[in-house]
Structures are given as C-alpha cells and as structure tokens.
Number of protein chains: 2
Amino acid sequence: MSGPGALILLVEDEPQMRRFLRVSLEGSGYRYLEAATGQEGLSLAAQHRPDVLLLDLGLPDMDGLEVVSRLREWSQIPVIVISARGQESDKVDALDAGANDYLTKPFGTRELLARVRVALRHANPEAGEQPVFTLGRWRVDLAKRQVFVEDQEVHLTPLEYSLFTTLIRHAGKVVTHRQLLKEVWGGAAGAQPLYLRVYMTQLRHKLEEEPSRPRYLKTEPGVGYRLFLED
Amino acid sequence: MSGPGALILLVEDEPQMRRFLRVSLEGSGYRYLEAATGQEGLSLAAQHRPDVLLLDLGLPDMDGLEVVSRLREWSQIPVIVISARGQESDKVDALDAGANDYLTKPFGTRELLARVRVALRHANPEAGEQPVFTLGRWRVDLAKRQVFVEDQEVHLTPLEYSLFTTLIRHAGKVVTHRQLLKEVWGGAAGAQPLYLRVYMTQLRHKLEEEPSRPRYLKTEPGVGYRLFLED
DNA sequence: CTCCTTCCTAACACTTTCTTAACGCGCCTT
DNA sequence: AAGGCGCGTTAAGAAAGTGTTAGGAAGGAG
C-alpha cells in the first residue's frame, strides 16, 4: 500500500498532538493507528506493519532513539521523527539511529504530509510483488492487465476481463448471478442474467481448451459460476 | 557505492557555498562533483550517476524544481534540496516534485552529513536504471530528451514527449486514459480523452513504421494505451 | 509586429464492444 | 412423451469508443 489508504502509525504521548495529527492524516485519506508509549508502538508496528511510522522522541517509557533501533532490528519501515528538541546533535543521533527524517516542532501540517508522501514513495519502489494469478495453462498479470494461455496473449474486452478477474478474486468459491452482475456491470439496473451467459460463453471460447466442457469456468446451476481451482 | 567513497554531486551557483560544502564532503571521505547551473548538473548526473545529489534551488539558468522533475524522468538518485527559502510551500513543492529531503539555509554541517547518510542508506540497490531506453528501432535518451528512430533524431513536441515517456515509464503495462491525462496534462481539469487520440496519432506517425497498424503503441479499447514490449 | 511552433478543437470515418433476440439442447416434471 | 425451464450458442444491429485530418488560437522568439 503506498497511495491513499496507506497505514500510518503515530507514536506520541501527548493527547493534544495525537488528536491534531489524527485529523490531518485521516483527512488526507490515510488509515491511522496510534500508540502512547514506545512499547505499545513497537508492538503495534509488529502487529500491523504500517507503511510509515511517525515517532515523537519524548516518550514516557523509553527513549525515542531506542524505539528506532529496536524497530530497525527487524523492519525497514520508514520512520519520521517529530521532536521538540531542535539541537543538531539530536537530529544527527536520530538519523544515524535509523530514522529517515527529522521534523522539529512546531511544524506545518502540509510539510509533514509532504514528508510522509516522500517516505511512502520511497517505501516501495515497486517492492510490492506484482500480483500474478496462474492456473493450469493460464497466467493473468493483474498489474499489466494481460491474460496468457500457454504463454500466448489473449485479448479480452473490458467486460470479459472484468468478469474474469471478478471470478479470480473469488477463486474457488461460487459467485452468484446477482453478485457478478453487480460487480461487473455496476450496481445500476438493466443488467440481465442473459449477459452472463453470453460473456461466459465468450470467455470459455477464448480460454478453455474445450469450451463446451469447461474445466475451470464452471456453471453452478441455479446459483452462479465458479472458477474451479482443482484439476 | 553507498558507504564512504560514495559520489556526491553538488549543484550550487554560489562559489563560497561550493567551497564550504566541498571541504565538508571530501573531509568525510566522499568523492565529489560540482556544477554551477541546472543544465550542467543534469548533464553531470547523467554522465556520472552520483549516489546523492545536493541541489540548491536558486540557480541562475533554471528553476530548481524543474531540475528535480527532469532528473526524475529517468533517475531515482536521492536529491537533498538546500535552499534559503524556508516557506512551507517551497518545501512541499520540492518534496512533491521528487526531492527526498529539504534543508533550509543556514544548516549545520553535521546535520547535512547525517541526512546524506540517510540518503545513501536508502540508495537503490537496484542500480539497473539507465538514462537510455531502447526498443526495436527506437532509442530514447531520457536525460537529453532526445528520441531516435533508426539513429535518426525525431523531434517531439513537449506534450508528445511527455506522453511517450509516460508510456515508457509504465512499459508493458496498460496505462488508463485517466492516468495518462493526469500524468501528462497535470491533475487540472479540462483534459479530455480526445487529446489522447490526437497525440497518439501524432506519435504513431512520427515513430511507427505503419502508423495505422502500430506495433508498439497499442490501443487497449475502452481502457487506455500500452507500450508493447514483446515483438 | 510577424513568424513559427505547439496546442486545442471540431468533424467525420471507422473499429470494437455491448446489447439484444432467436434458437438449440438437455434435464426435470407431470 | 410433452412441455417448461435454465443454460449455451450464434449473429446482427446499436452504442460506444477510436483514428484521422485540418484549421484556428495561443504563446514565444526574433
């Protein structure tokens, strides 16, 4: 997760500051977690693997620097330190302990958010493994929006692709007619079960070896369709 | 190269500041390069691939922000901006343009060095970035903004070039209409899908052998466009 | 100011995709 | 065995999306 919806963990003991940052971060579309102590912060970081950690140095239970170095024992999560201490030696120590950035209070919200964006940008230079779905002779590269059968690319129209990936998302499970129509054609009205039959036929012709006796794109009579995982 | 011996490029027009930083950096064991203008800085960056770039925003020949975004067209080299301007909006703009850090003059040497160490620590292990992209008969020098077909230079207008390099950045993947309009025309409103059709036509005429049956600049109907990598 | 480049816009031809209808087949019920 | 039902299949028209061209507006350079 790198764009909006990224998870930010704030470790800060001052309630007023927490409330302020919470509003700023949630208002910018980030998911948000908070801890009031270093112990709690480390434990939450381990549990939830946030995308960025905002760390106040002045914590009651342990030194902020220790939080950073403990975290760095197992994680490369970007850490932005926010601190009232503006001494150069404080900054140097924090940065050398493993922090990625150091912001002195008071600071502007917009600068903080910009630095969070930098951290997120840096966090995954496409580190996230590309989502590729494979099944039998099929390979689907969700990122590139490409479908291969026996390493031969097959072109799918937008609706075909949408229908197919919807089944992939629910791979193995039955997806009802209603659910498919909703997810592929959008909640709007007008979508008829007939569409499903037409497009399932087309998908089978493009993807199945024997379209008339499908191996993976199975019909569940009276209920819906299912992408069969077993062989 | 990431530890001592790393190469630092300083882009700064003020001789006094240059001398000062040179002493600090060389004294810390870094290899050192300098440029007095944005143009020279970009060119040196392309030639020598420094591990970190220190950039003064107040350059005589071009805006510092433009240096960053030009650089980001082909390189992920960490950029630390050093500037006399301390306004929050300056910081936000620079960071959003692609800078990794922002330091306001005057600053302490030790803090600068600590931030350089952070940048180096972060340095991309995946050094595979090339300022030159080649595909079939095409060669694109991202640093110099030059495009060649069969070693013959082809002139692209700014928008054509931007559209082309956007597709290159996402080479192989489908780029949606929305995304292209956002990245090429800027988030602002008014951008219409019609623009894409017009400029794709022009690109194809300038770059493709058979513009009406493109080999690389493919359309994904209803979705977007894709720079096709396979043959 | 004029020339030149680049960008935006509109019109029209064309292609792909979507929707719709008709028909065939097998299964179950009566 | 006949009829109803659900699903698969096919094809054709409608709709949506795309390619192409050209001309005028806007902006910058000399």
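Every chain is numbered from 1 and lettered A, B, ... according to where its sequence line falls, protein lines coming before strand lines. Computation of the quantities below employed the complete heavy-atom set of this structure, encompassing side-chain atoms and omitting hydrogens, waters and symmetry-equivalent molecules.
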Notebook entry, point to check: Which is true for A:Thr157 with a 4.0 Å heavy-atom rule: it touches a base, it touches only sugar-phosphate, or it touches nothing?
Noted result: sugar-phosphate
Margin query: Distance check needed: D:dT21 C1' versus B:Met200 CE, whole Å only.
Written below: 17 Å
Margin query: In this structure, how many angstroms lie between the P atom of D:dC7 and the CG atom of A:Leu180, rounded?
Written below: 12 Å
Notebook entry, point to check: How is B:Thr219 classified with respect to the nucleic acid when contacts are heavy atoms under 4.0 Å: base, sugar-phosphate, or nothing?
Noted result: sugar-phosphate
Next item on the list: Over 60° means perpendicular and under 30° means parallel, so classify the ring planes of B:His177 and B:Tyr225, tilted if in between.
Entry: perpendicular
Notebook entry, point to check: Within less than 4.0 Å of OP1 or OP2 of C:dT17, is there a side-chain N or O belonging to A:His155?
Noted result: yes
Note to self: Nearest 0.5 Å, please: how far is CZ in B:Phe228 from CG in B:Leu135?
What the structure shows: 11.0 Å
Check: Quick one: is C:dC8 close enough that its OP1 or OP2 comes under 4.0 Å of any side-chain N or O from B:Gln192?
Finding: no
Next item on the list: Using heavy atoms to find the nearest nucleotide of DNA chain C for B:Val198 and B:Pro221 separately, return the residue whose nucleotide is more 5′.
Entry: B:Val198
Check: A:Leu196 CG to D:dG6 P: how many Å, rounded?
Finding: 14 Å
Next item on the list: Using whole Å, report how far CG of A:Leu159 lies from P of C:dT19.
Entry: 6 Å
Note to self: Rounded to whole Å, how long is the line connecting atom CG of A:Leu217 with atom C1' of D:dC7?
What the structure shows: 15 Å
Next item on the list: Assign B:Leu194 to base, sugar-phosphate, or nothing according to its heavy-atom contacts below 4.0 angstrom with the strands shown.
Entry: base
Checklist line | Phosphate contact (D:dG17 OP1 or OP2) by B:Arg197 side-chain N/O below 4.0 Å | finding: no
Note to self: Just the rounded figure in Å: distance from C1' of D:dG17 to NZ of B:Lys218.
What the structure shows: 18 Å
Notebook entry, point to check: Which one, C:dT9, D:dT18, D:dT21, comes nearest to the side chain of B:Tyr195?
Noted result: C:dT9
Note to self: Looking at B:Ser43 and B:Gln39, would you say the former's side chain and the latter's main chain have a donor-acceptor pair under 3.5 Å?
What the structure shows: no
Note to self: So B:Pro193, base contact, sugar-phosphate only, or nothing? Heavy-atom distance under 4.0 Å.
What the structure shows: nothing
Margin query: Output the rounded distance in Å from CD (A:Gln202) to C1' (D:dC7).
Written below: 15 Å
Next item on the list: Looking at every strand, decide which applies to A:Tyr225 at a 4.0 Å heavy-atom threshold: base, sugar-phosphate, or nothing.
Entry: sugar-phosphate
Next item on the list: Measure the distance from CD on B:Glu220 to P on D:dT18 and round it to the nearest whole Å.
Entry: 10 Å
Item checked: DNA chain D: 5'-proximal contact among B:Gly224 and A:Gly222 (nearest heavy atom) -> A:Gly222
Note to self: Distance to the ring centre below 6.0 angstrom and angle to the axis at most 45 degrees; does that hold for B:Arg22 and B:Tyr32?
What the structure shows: no
Margin query: Tell me whether the side-chain N/O atoms of A:His205 come closer than 4.0 Å to OP1 or OP2 in D:dT10.
Written below: yes
Check: Quick one: is A:Thr201 getting a side-chain N or O under 4.0 Å of the D:dT9 phosphate, OP1 or OP2?
Finding: yes
Item checked: Distance test, side-chain N/O of B:His177 to OP1/OP2 of D:dG17, below 4.0 Å -> no
Checklist line | Presence of A:Trp185 side-chain N/O under 4.0 Å of C:dC18 phosphate oxygens OP1/OP2 | finding: no
Margin query: Side chains of A:Thr201 and A:Arg204 only: does a donor on one sit below 3.5 Å from an acceptor on the other?
Written below: no
Note to self: Please confirm whether the shortest side-chain N or O distance from A:Tyr199 to OP1 or OP2 of C:dC18 is below 4.0 Å.
What the structure shows: yes
Note to self: I'd like to know whether B:Tyr199 forms a side-chain contact (heavy atoms from CB on, under 4.5 Å) with B:Val184, so could you lay out the CA-CA distance, the side-chain angles of the two residues, the decisive distance to 0.1 Å, and finally the verdict.
What the structure shows: CA-CA 11 Å; B:Tyr199 280 93; B:Val184 177; over 6 Å; no
